[in-house]
Amino acid sequence: MVKRIQQIVTLILALFIGLFIAASFFLRAKYNYSVYGDRAVLEGQQPLVFLLWIVVVLGLGFVLYRLSRKLERYSRAKVIPAVLLLSGAMQLVIIFLFTRMPTDDSQTVLSLAWAMLYDKDYSSFQSGGYLYMFPFNFSFVLYLKALLLLFPDNYLVIKSFNILFSLVTTLVIYLLCQELNPKSSRKDYGLLIVSATYVPALFMSNFIYNDGIATALLTSALYFGVRFIRRRSMKDMLFAAVLLTLGNYFRSIGMIFLIAIVLSLLLNLRAIGVKKVIAAVGVTLLLWVLPAWIQNTALQATDIVDESPSSNSAPVYMWLNMGINLETLGFWDDRESYNIYQQEAGYNKAESVELFKASIRSKLSDATLTELAGMYYKKLVWTWTEGTYQIERYGIGNEGASSTGGRGGMVMGHYSYSTAASRVFEGASMYRSALLWALYVQNFLMYVFILIRLIRGLRAKRFAETPLLLVILGFIGFYLLWEIKSRYLYPVYPLLLVLSYLGFQDAYALLTGRRRSHDAD
């Protein structure tokens, strides 16, 4: 029965991955703020350009893999620190070359951290304030407040901590792959190098928001969850529970990881033991509720709020309503959904819920089944095949040097000062376009290798990767309904890298006629 469930999970994900691959031959998912503004774009594919980039990226990947094999003679104690140091240096260079300032929510949470630290101003929890609407972002405000208190007040410190979390993620990606292949006879430095030089991750350290810290925490939680399933040590499960709780505190999609880990424990119930599974789930759920309880208690005890901050926050129906839109494919709807909550409901959560439900019913009834099916298809394809996590806006930046600096003021992608690199990548330049093409095709090839891995897993009845597959399926299902940005998939990129690398090894073994001795049973 367990094997059958694991087969079904693998098959379902294989079908979705197959859909992404097939759709990419006909549709090109784009996001380029400089050219199109803040919207999702789907255009007809350019077959010749697409195939040319496939050859280029595939060739570079093959060369990189061959080079990584030459490092096998060196110990992990030498190679891992060296690669991480190189990755950190690359990210530091990017930060100085593209001096991107905070923007949108990034600028808002930073301004709130400044206000709370220097002015003791918590007014954003009052009606109409940012944290009144979005109290879940208070965790990141506290994080920024702590950094501003302990270190010099500048963007470089915050971005340096982004780099540290990025390096943690890189290391955990490597360790997770090793954990999934306990019989490996190789050191798999190829994955370490790929994850250390993965361009979206390199540039995302330039973005002051919760993506980096949440990704590091949630990926680490999954790693320790996989360790617990294989080694049965409660210490591993305790680490997983703590990291999962912290990761969810910074970004609420931790629920997807929680469900995946709990389901994986249940699928391995016989091997782990009933008592250990009950203890593991109990500890995880107990820790899970602590951050919100502690935060709410502290805020009310200090008279910052009179009731739970979530009492009148924007309801989940706002993002669900935003996610149903034939014109934008569920992308940002130009404040249409915000206005329902802010203006029509007057920041009243209960009233806005009814308005959103009515809006959702109206959208579903006014559209035909064909239109809805087309929207969800395009929404799914754009979200998962765009491939850049929108780094051209959030990592590279879009506009010239800004005249505003320091605290306060909304800036839309400005630089602190322009550099030769920022000028070369300015606007719709060929360099920016080439980078987006390369990342798009890299993402496509990752899916190809993931599909190979899934198919081989089905044939060999090898299901050690099921926890990863459950997380990815959770993201697919969630963002099929939710408002979309390809950046929202950033926390799942480590799992895609692991699976695609294993699939690349499978393909390499088939093409070279070599049998992989390190496949997990």
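- A221 and I261 make their closest contact through O-CD1, 4.1 Å (heavy atoms, listed as atom of the first residue, atom of the second, distance).
- Relative ring orientation between F161 and Y143 is described as perpendicular, the plane-to-plane angle rising above 60° on a 0-90° scale split at 30° and 60°.
- Between Y493 and Y490, the ring centre distance stays below 6.0 Å.
- Aromatic ring centroids of W382 and F331 lie under 6.0 Å apart.
- Aromatic ring centres of Y130 and F134 lie closer together than 6.0 Å.
- For F203 and Y389, the gap between ring centers reaches or exceeds 6.0 Å.
- Other residues, nucleotides and ligands contribute over 12 non-hydrogen atoms within 6.0 Å of the CG atom of L150.
- Both tests hold for R487 against Y394: distance to the six-membered ring centre under 6.0 Å, angle to the ring axis within 45°.
- Remark: side-chain polar atoms of S139 are paired, donor with acceptor, to backbone N or O of Y249 under 3.5 angstrom.
- Taking the six-membered ring for Trp and thresholds of 30 and 60 degrees, F239 and F224 have ring planes inclined between 30 and 60 degrees apart.
- In this structure, T284 and V262 have side chains that are not in contact, with every pair of non-hydrogen atoms separated by 4.5 Å or more.
- A donor-acceptor contact under 3.5 angstrom links the side chains of E483 and Y488, judged on distance only.
- Aromatic rings of Y36 and Y31 (six-membered ring for Trp) have centroids beyond the 6.0 Å cut-off, not under it.
- Taking the six-membered ring wherever Trp is involved, the centroid distance between the rings of F125 and F138 falls below 6.0 Å.
- With a 4.5 Å cut-off on side-chain heavy atoms, R227 and M237 do not count as touching.
- Between F356 and Y317, a ring centre-to-centre spacing not shorter than 6.0 Å is recorded.
- Between F475 and F478, the ring center distance fails the sub-6.0 Å criterion.
- Using a 30° and 60° split on the angle between ring planes, Y155 and W114 fall in the tilted class, from 30° to 60°.
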